Undergrad: 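Below is the structure I would like to discuss, written out as structure tokens.
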Amino acid sequence: MPGVLLLALLAVAPAKTRVYLDAGHGAGTNTGARTVHCTDEADFVLALAKDVKQVLERTGRFDVRLSRRTAKGPSYRRRLAAAERFGADVLVSLHVDTRGDFEWHEPKPGQRCPVSREQPGFAILVSDEGGAKIVDARRRLARAVAKKMSGAGFVAYDGYDYGGLYLNDTVDGVFIDRRRLFMLRRPSMPSVIVETHHALIEAEHERWKRPAHRIAFARALGAALQEAVGAARSTE
């Protein structure tokens, strides 16, 4: 009987959501933007992705695969192929943003880094290219992430400096891609890019280095993934 009970419990246990978590950049010599502290975007998002993976997997609801674990990783085409092999339910690519005008400052003697004081906040990028089903799934994911982040106290960017690169969606913090970015338009699973913050604003960048801030983000992301993937499964 114990064996039968165990099999019955396994049969009704909800399937884990498979998340392909991409630490943006890191392909070849592509290190991304330079932050207010003259660090590389690729290094920052790699550390963040590792933290997010831990938080999500501790819930027992997610199986998370990282696109890379070191400074240099595979090409975006190879990352997408890996996500397909993994059977990912969603693909989330982590980045930081740099926007608008900036000045120069010296955080250390002889070190010259860009700094800004305007246009804070996160941005969720999504593609509207493709069939209605995948576009709807992407939008549902993007809007869920933005709403959960806003609900957790994260500030949504207003898109002031994006111009024609990204168009404002109906939900604050969500933007429709017009650059035809590969990791948005090509995956067969719903995908988004999360520009976590404006990395040239010193106070904002410092907050994102704090463990509590990263945990709050991971929890908001997890809640959004559960909502979006749950909605998709209910319509299958």
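Just so you know, these numbers come straight off a predicted model, no measurement behind them.
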Undergrad: Any salt bridge (charged side-chain N to carboxylate O under 4.0 Å, His left out) pairs touching residues 104-124, not counting sequence neighbours?
TA: Glu103-Arg117
Undergrad: Is Ser93 reaching over with its side chain to a backbone N or O of Ala23, donor-acceptor style, under 3.5 angstrom?
TA: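 Flag not set: sc Ser93 to bb Ala23 has no pair under 3.5 Å.
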Undergrad: Going by atom types only, do Glu84 and Ser188 share a side-chain donor-acceptor pair under 3.5 Å?
TA: yes
Undergrad: Enumerate the residue pairs fulfilling ring pair (Phe, Tyr, Trp, His ring centres under 6.0 Å) with a member in residues 30-52, sequence neighbours excluded, ordered by first and then second residue.
TA: His37-His205, Phe44-His197, Phe44-His205
Undergrad: Is the closest side-chain heavy-atom distance between Arg178 and Tyr166 below 4.5 Å?
TA: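 They are not in side-chain contact.
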Undergrad: Should the pair Lys148-Glu227 be classified as a salt bridge under the 4.0 Å nitrogen-to-oxygen rule?
TA: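 Looking at Lys148 and Glu227, the cut-off is met.
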Undergrad: Determine, stepwise, if the pair Asp97 / Tyr162 fulfils side chain to side chain donor-acceptor pair (under 3.5 Å).
TA: CA-CA 11 Å; Asp97 215 350; Tyr162 279 166; 2.4 Å; yes
Undergrad: How long is the span from the CZ atom in Arg180 to the OG atom in Ser127, to the nearest 0.5 Å?
TA: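 So the gap between those two atoms works out to 8.0 Å.
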Undergrad: Going by an N to O cut-off under 4.0 Å, is there a salt bridge joining Lys16 and Asp63?
TA: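 A salt bridge is absent here (no side-chain N lies under 4.0 Å from a carboxylate O).
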Undergrad: What pairs meet the salt bridge (charged side-chain N to carboxylate O under 4.0 Å, His left out) rule with one or both residues in residues 22-40, with sequence neighbours excluded?
TA: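 For residues 22-40: Asp22-Arg79, Arg34-Asp40.
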Undergrad: Checking side chain to side chain contact (heavy atoms under 4.5 Å, CB included) between Val19 and each of Leu225, Leu91, Val229, which is the one that passes?
TA: Leu225
Undergrad: So Asp172 and Val174, side-chain contact (heavy atoms from CB on, under 4.5 Å) or not? Walk me through it.
TA: CA-CA 6 Å; Asp172 289 346; Val174 177; over 6 Å; no
Undergrad: Can you confirm whether Arg61 is buried at CZ, in the sense that more than 12 heavy atoms of other residues, nucleotides or ligands lie under 6.0 Å from that atom?
TA: no
Undergrad: How does the hydrophobic cluster around Phe102 look, that is, which other residues are in it when side-chain heavy atoms under 4.5 Å mark a link?
TA: Trp104, Leu200
Undergrad: Between Lys53 and Leu21, what is the shortest heavy-atom contact and its length?
TA: N-CD2, 4.1 Å
Undergrad: Tell me whether Phe182 shares a hydrophobic cluster with Met189, the cluster being built from Ile, Leu, Val, Met, Phe, Trp, Tyr side chains joined at under 4.5 Å.
TA: yes
Undergrad: Taking only residues at least two apart or on different chains, which pairs with a member in residues 83-181 satisfy disulfide bond (SG atoms under 2.5 Å apart)?
TA: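 Only Cys38-Cys113 qualify under disulfide bond (SG atoms under 2.5 Å apart).
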Undergrad: Could you tell me the separation between the CG atom of Leu66 and the CG atom of Leu46, rounded to the nearest 0.5 Å?
TA: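 Reported value, rounded in 0.5 Å steps: 7.5 Å.
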Undergrad: So which pairs with a foot in residues 64-99 pass disulfide bond (SG atoms under 2.5 Å apart), sequence neighbours left out?
TA: none
Undergrad: Would you say that Arg214 contacts Val55 through its side chain, given a criterion of any heavy-atom pair below 4.5 Å between the two side chains?
TA: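 Arg214 does not reach Val55 side chain to side chain.
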Undergrad: Just how far is it from atom CG of Leu80 to atom CZ of Arg85, taken to the nearest 0.5 Å?
TA: 10.0 Å
Undergrad: Please tell me if the side chains of Asn168 and Phe175 come closer than 4.5 Å, counting only heavy atoms from C-beta onward.
TA: yes
Undergrad: Is any side-chain heavy atom of Glu195 closer than 4.5 Å to one of Ile193?
TA: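 Counting from C-beta outward, Ile193 and Glu195 do come under 4.5 Å.
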Undergrad: Answer yes or no: is there a side-chain heavy-atom contact under 4.5 Å between Val64 and Tyr20?
TA: no
Undergrad: Taking atom OG1 of Thr35 and atom CG of Asp43, what is their separation to the nearest 0.5 Å?
TA: 9.5 Å
Undergrad: Does Asp177 come within less than 4.0 Å of Arg138, counting only side-chain N to carboxylate O?
TA: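 Salt bridge between Asp177 and Arg138, a charged N being under 4.0 Å from a carboxylate O: no.
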Undergrad: Is the closest basic N to carboxylate O distance between Arg210 and Glu206 below 4.0 Å?
TA: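 Answer for the salt bridge query: no.
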Undergrad: Within this structure, what is the CD-CG distance for the pair Gln226 and Leu221, rounded to the nearest 0.5 Å?
TA: 10.5 Å
Undergrad: Would you say the ring centroid of His198 lies under 6.0 angstrom from that of Phe122?
TA: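 For His198 and Phe122, the ring centres are not under 6.0 Å apart.
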Undergrad: On the ring face of Tyr157, is Arg99 found with NZ or CZ under 6.0 Å from the centre and within 45° of the axis?
TA: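 The answer is yes; both the distance and angle limits are met.
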Undergrad: State, yes or no, whether a side-chain contact exists between His213 and Pro211 at a heavy-atom distance under 4.5 Å.
TA: no
Undergrad: Are there over 12 heavy-atom neighbours, none belonging to Asp161, within less than 6.0 Å of that residue's CG?
TA: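 Yes, CG of Asp161 has more than 12 neighbouring heavy atoms, counting only those of other groups under 6.0 Å.
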Undergrad: Does Val45 reach the side chain of Val96, with side-chain heavy atoms less than 4.5 Å apart?
TA: yes
Undergrad: Take atom CG of Asp101 as the centre, draw a 6.0 Å sphere, and report whether it contains more than 12 heavy atoms from other residues, nucleotides or ligands.
TA: no
Undergrad: Flag yes if more than 12 heavy atoms outside Arg185 fall under 6.0 Å of its CZ atom; otherwise flag no.
TA: yes
